[in-house]
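Below is one structure, written out as structure tokens; the observations come after it.
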2 protein chains.
Amino acid sequence: MNTAKNESQCITAPVKKKAVLMDGVYLNGPTLHIKAAEVFVQEALPLILEEAVRKAIDVREKVCEWQPPERLKEILDLELKEEGEDHSKILERCRDAMRYSVKTGHPRFFNQLYAGMDPYSLVGRFITEAINPSLYTYEVAPVFVLTEEAVLKKMMEFLGWDNEGDGIFSPGGSVSNMYAVNVARYNHMPGIKEQGLCGTPRLVLFTSQECHYSVAKAAAFLGIGTNNVYVVSSDERGKMIPAELEKQVLRAKEVGALPFMVNATSGTTVLGAFDPLEDIADICQKYSLWLHVDACWGGAALLSQKHRHLLKGIHRANSVAWNPHKMLMAGVQCCAFMVRDKTGLLQRCHSAQASYLFQKDKFYDISYDTGDKSVQCSRKPDAFKFWLMWKAVGTRGLEERVDRALALARYLAEEIKKREGFQLLMEPEYANVCFWYIPPSLRKMPECPEFWEKIHKVAPVIKERMMKKGSMMVGYQPHGNRANFFRQIVISPQVSREDMDFVLEEIETLGKDL
Amino acid sequence: MNTAKNESQCITAPVKKKAVLMDGVYLNGPTLHIKAAEVFVQEALPLILEEAVRKAIDVREKVCEWQPPERLKEILDLELKEEGEDHSKILERCRDAMRYSVKTGHPRFFNQLYAGMDPYSLVGRFITEAINPSLYTYEVAPVFVLTEEAVLKKMMEFLGWDNEGDGIFSPGGSVSNMYAVNVARYNHMPGIKEQGLCGTPRLVLFTSQECHYSVAKAAAFLGIGTNNVYVVSSDERGKMIPAELEKQVLRAKEVGALPFMVNATSGTTVLGAFDPLEDIADICQKYSLWLHVDACWGGAALLSQKHRHLLKGIHRANSVAWNPHKMLMAGVQCCAFMVRDKTGLLQRCHSAQASYLFQKDKFYDISYDTGDKSVQCSRKPDAFKFWLMWKAVGTRGLEERVDRALALARYLAEEIKKREGFQLLMEPEYANVCFWYIPPSLRKMPECPEFWEKIHKVAPVIKERMMKKGSMMVGYQPHGNRANFFRQIVISPQVSREDMDFVLEEIETLGKDL
């Protein structure tokens with residue numbers, strides 16, 4: 001063994017006396033130099049605080065330090081080699097990794113449906129990474145099993161499911177939506193778990209054209225098939241049209257297919273639209289369909305007395321997906337999947353009862369061994385960071401965040417209406433503010449197809465320029481027949497009114513020559 | 001807004017001049033007190049280092065501080081309330097959470113297929129939690145996209161797939177195995193993605209009786225059905241019997257079912273057995289079946305020149321699941337799913353081409369936008385911590401870990417053979433050492449059914465006692481017709497020979513009165 005690098009490496013220990021030789025390996029005391037490991041971690045921590053926290057949330061710093069892939073590969077020196085490197089080199093690599101990463105906690109990162117840095121959640125995540133648990137059983141993760149249960153219970157209260165319901169955290173809203181399809185299907189025809197879909201009638205589910213793409217992914221993955229996702233039209237604001245849903249249900253029945261589930265969306269990805277849950281629930285009741293609500297993005301509004309009307313009727317859902325890592329800032333990932341059933345449906349649907357893990361002869365109440373409700377085996381304790389944050393800021397603090405984010409979105413929309421060269425797609429009702437920027441050269445042009453063709457090319461160029469400058473990040477996309485537009489996502493609480501003003505000024509600065 | 005608690009809370013800022021009132025919310029500068037947040041994180045870090053690193057890996061400390069669920073609920077004070085709590089209270093909660101958690105990094109935690117603390121991986125995880133990325137696109141996660149690519153490339157070299165292959169990290173080996181079933185199915189009948197399984201022939205897959213339970217979960221989840229998982233007998237060591245596999249394939253064909261895939265296991269969960277891959281690959285070739293190798297646990301052996309023969313033939317696999325969070329200590333979770341195909345099969349199988357995320361008119365090479373290869377949308381950068389650790393210890397360092405773990409397992413097996421009252425199930429060929437403890441009262445009894453009934457009750461009692469004492473954690477389970485036995489899992493490098501001796505002595509101490 002190499003003992004020369006002890007001081008700058010944590011592993012490899014000198015061979016002591018009384019070591020036993022076994023299969024060519026000297027077995028003696030631990031090969032981890034605990035002191036060296038501690039020194040390394042202690043040297044790394046201030047670096048992380050500086051580069052990934054302090055600078056990353058400082059509005060005066062860049063959101064990103066753009067490098068094209070080929071150049072960044074050289075900088076990072078990616079290749080994995082036979083010999084290791086010493087601590088000073090590894091710390092340099094840590095610094096580079098942080099330097100060239102996009103700062104999602106930065107006040108001018110508006111690119112996804114999450115942003116910002118919450119110090120309580122961050123500390124919660126540091127704790128769970130250091131403890132390194134996996135959430136199969138109470139025995140190996142007692143604190144994390146109980147905090148998950150407490151968070152789910154509280155979230156279900158906000159759904160209006162008092163003393164009802166069951167749930168599990170999953171690795172992403174897409175997975176939660178898959179869980180919904182699977183549980184709905186199992187509820188409808190439990191035999192499918194054993195017999196599969198071969199020989200069953202054609203199962204059909206319904207969702208709006210504005211839903212998240214994970215619904216189609218779920219249908220493909222679960223063997224239902226994307227053709228059996230019947231797409232329901234939305235209105236001009238992006239909300240599912242209940243009458244169209246009923247038409248689609250009848251169409252499916254007419255051709256002999258078996259409708260089993262509706263996916264409604266509370267907070268669509270692009271427009272931030274909320275489907276009318278009460279009307280949809282009526283139709284589900286009429287035709288005995290499972291109602292799943294994808295509230296991954298919009299669920300946060302439930303915490304606001306002012307805005308929770310957006311999800312009116314959610315108490316009637318059979319299942320709900322809600323991601324506190326989005327507007328509530330619990331850190332990626334934090335994704336709850338909840339079912340109203342309390343007869344153990346979730347567990348029956350997903351369980352495999354592995355005897356090496358879920359032993360029946362344990363000495364404690366094994367109803368706390370919740371891992372078999374999941375299709376995962378190893379599972380991260382994603383609820384804990386949210387629990388800790390909720391303890392720190394209280395329900396009132398979470399409510400303030402939501403109210404502030406939505407007030408900022410409203411402010412931005414008002415500013416857009418006032419400014420020449422900016423055009424709203426529609427009045428926002430949530431935190432998605434969608435708008436076009438029209439450069440001076442196009443402002444006099446009539447809104448003909450050629451105009452829209454030119455507008456379509458504006459956002460990608462401005463995006464490229466903002467990335468290279470590192471001044472901010474805002475997403476853009478085409479949508480249906482609409483030319484590329486910006487979608488600004490507002491997440492509280494680090495963002496200020498001044499940042500909203502900045503966005504519009506910066507777009508103007510970057511795009512006025514187009 | 002409440003400004004009284006500023007010094008002990010990070011959120012809520014005083015209303016400044018020039019604030020704008022919008023929807024009842026004063027919009028001014030950020031409400032995050034950056035200084036207060038920094039102070040909080042800085043106060044928490046030494047606590048984490050002390051409780052979740054230093055004490056957690058110190059052999060003189062307890063592995064766990066056991067409390068039954070009802071008592072732990074009281075201690076943790078789980079309820080989420082209207083008002084938040086100040087920093088000193090939250091730090092107390094952090095301390096409690098760590099105190100009552102099981103220390104999976106402790107040298108005497110042998111309970112699961114992972115253990116130990118690697119300081120490089122830990123720093124990598126702190127970095128990614130602070131940066132809080134999500135791995136959809138190069139644009140938002142450049143460093144993490146590239147490090148994932150580099151790690152996959154290197155892992156595929158160890159599979160013997162030089163210049164071939166594609167892959168993605170997934171949230172768990174169970175999910176990787178699901179990916180395998182889905183890709184194998186898509187490769188066999190691509191139309192299923194759109195049309196679903198309704199109307200297709202009955203698809204059947206094959207796996208051994210010793211495989212991980214996720215194969216059955218995958219079949220249920222993907223709509224194939226657990227009845228269509230044909231279970232192949234294993235030999236007395238837990239290895240799949242190739243002739244039995246061929247029999248099962250023929251049986252499926254005889255009844256008109258459509259065999260499409262074999263799951264072979266390299267490192268079974270309980271016994272640590274390796275299926276004979278060359279023979280299985282021959283059968284797969286003969287019958288045109290997709291060969292998936294679940295090497296989640298055993299893949300680590302590929303890094304050892306001494307032990308890689310266990311996976312001989314893995315280069316012939318069509319897909320492989322391999323979890324570096326297990327023996328290689330990259331931290332939960334770190335799970336690679338790899339396919340040998342390099343024609344984009346993985347992407348075609350899983351993609352949904354969301355236009356708001358995977359825009360085609362970006363200014364860089366969008367082949368780096370790898371997110372659509374996954375069925376997740378948000379995805380954690382699990383490869384980075386492994387990349388950083390590999391850089392630090394080198395391939396040689398990883399090899400030493402594997403060799404040491406397996407030498408320790410061998411040492412333990414030899415000690416068991418020497419000691420009265422201990423009985424090996426079989427000679428280990430990997431890091432699973434399975435054995436019974438026979439208390440003095442039973443040592444003279446013949447091995448009749450009554451003897452085994454009594455033995456069956458020994459391990460649960462010893463487990464309860466070790467948990468309550470906090471001295472160590474070792475798993476037990478029944479298996480087939482075998483009565484409850486201990487399964488000791490050895491992970492290098494923090495574990496020493498002395499810990500192996502301790503385990504046997506402690507079991508004797510805890511169980512000698514039984």
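Numbers restart at 1 for each chain; the letters A, B, ... are given by sequence-line order, proteins then strands.
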Checking [X] against chain A: side chain, backbone, both or neither under 4.5 Å from a heavy atom?
X	value
B:Q195	both
B:N182	side chain
B:P68	backbone
B:R185	side chain
B:A97	both
B:M98	both
B:C64	neither
B:A56	neither
B:M178	both
B:N111	side chain
B:N323	neither
B:P201	backbone
B:L49	side chain
B:L76	both

Contact class of [X] relative to chain B, heavy atoms under 4.5 angstrom:
X	answer
A:E194	both
A:Y368	side chain
A:S214	neither
A:I57	both
A:V270	side chain

Requested in this report: Run the numbers on A:L197 and B:R202 for side chain to side chain contact (heavy atoms under 4.5 Å, CB included), then give the verdict.
Outcome: CA-CA 9 Å; A:L197 289 165; B:R202 185 161 64 88; over 6 Å; no
For the candidates [options], which exhibits the highest count of non-hydrogen atom pairs separated by less than 4.5 Å from chain B?
options	answer
A:G172, A:A130, A:A354, A:A220	A:A130
A:V102, A:D23, A:L78, A:V20	A:L78
A:Y136, A:W390, A:F126	A:F126
A:A37, A:G331, A:P69	A:P69
A:I48, A:V140, A:L45	A:V140
A:L388, A:T200, A:V53	A:L388

Requested in this report: May I ask you to check whether A:Y356 and B:Y476 place their ring centers less than 6.0 Å from one another?
Outcome: no
Requested in this report: Applying side chain to side chain contact (heavy atoms under 4.5 Å, CB included), run through B:L222 and A:L222 and close with a yes or a no.
Outcome: CA-CA 4 Å; B:L222 271 65; A:L222 272 65; 5.7 Å; no
Rounded distance [0.5 Å steps], [atom1] in [X] versus [atom2] in [Y]:
X	Y	atom1	atom2	result
B:K81	A:T395	NZ	OG1	10.5 Å
B:F40	A:L122	CZ	CG	9.0 Å
A:K103	B:I131	NZ	CD1	5.5 Å
B:L408	A:L27	CG	CG	4.5 Å
B:D361	A:Q477	CG	CD	10.5 Å
B:K391	A:E85	NZ	CD	5.0 Å

Any idea which of [options] has the most non-hydrogen atom pairs under 4.5 angstrom with chain A?
options	result
B:L72, B:V175, B:V41	B:L72
B:A150, B:P171, B:G475, B:G173	B:P171
B:E498, B:R93, B:Q67	B:R93

Does [X] reach the main-chain N or O of [Y] with its side chain, forming a donor-acceptor pair under 3.5 Å?
X	Y	result
B:R125	A:E129	yes
B:N132	A:V332	yes
A:K154	B:E79	no
B:Q333	A:S378	yes
A:Y114	B:S134	yes
B:E38	A:R54	no
A:K217	B:V375	no

Query raised in the report: Looking at A:K463 and B:E139, does any basic side-chain N land under 4.0 Å from a carboxylate oxygen?
Result: yes
**Report entry** Lys/Arg N to Asp/Glu carboxylate O, A:K362 vs B:E464, below 4.0 Å
**Finding:** no
**Report entry** Test log, rule side chain to side chain contact (heavy atoms under 4.5 Å, CB included), inputs B:I90 and A:V123
**Finding:** CA-CA 10 Å; B:I90 295 298; A:V123 164; over 6 Å; no
Report task. Evaluate salt bridge (Lys or Arg N to Asp or Glu O under 4.0 Å) for A:K73 paired with B:E149, printing each intermediate quantity in order. Result -> CA-CA 10 Å; A:K73 281 182 186 178; B:E149 186 194 45; 3.7 Å; yes
Test item: [X] and [Y] side chains (from C-beta on) under 4.5 Å apart, heavy atoms:
X	Y	answer
B:D403	A:M22	no
A:S101	B:F144	yes
B:C377	A:H212	yes

Report task. Give the ring-plane orientation class for A:F221 versus B:H350, where under 30° counts as parallel, over 60° as perpendicular and anything between as tilted. Result -> perpendicular
Query raised in the report: Does the pair B:F363 and A:M467 meet the rule for a side chain to side chain contact (heavy atoms under 4.5 Å, CB included), with working shown?
Result: CA-CA 10 Å; B:F363 65 96; A:M467 292 290 294; 3.9 Å; yes
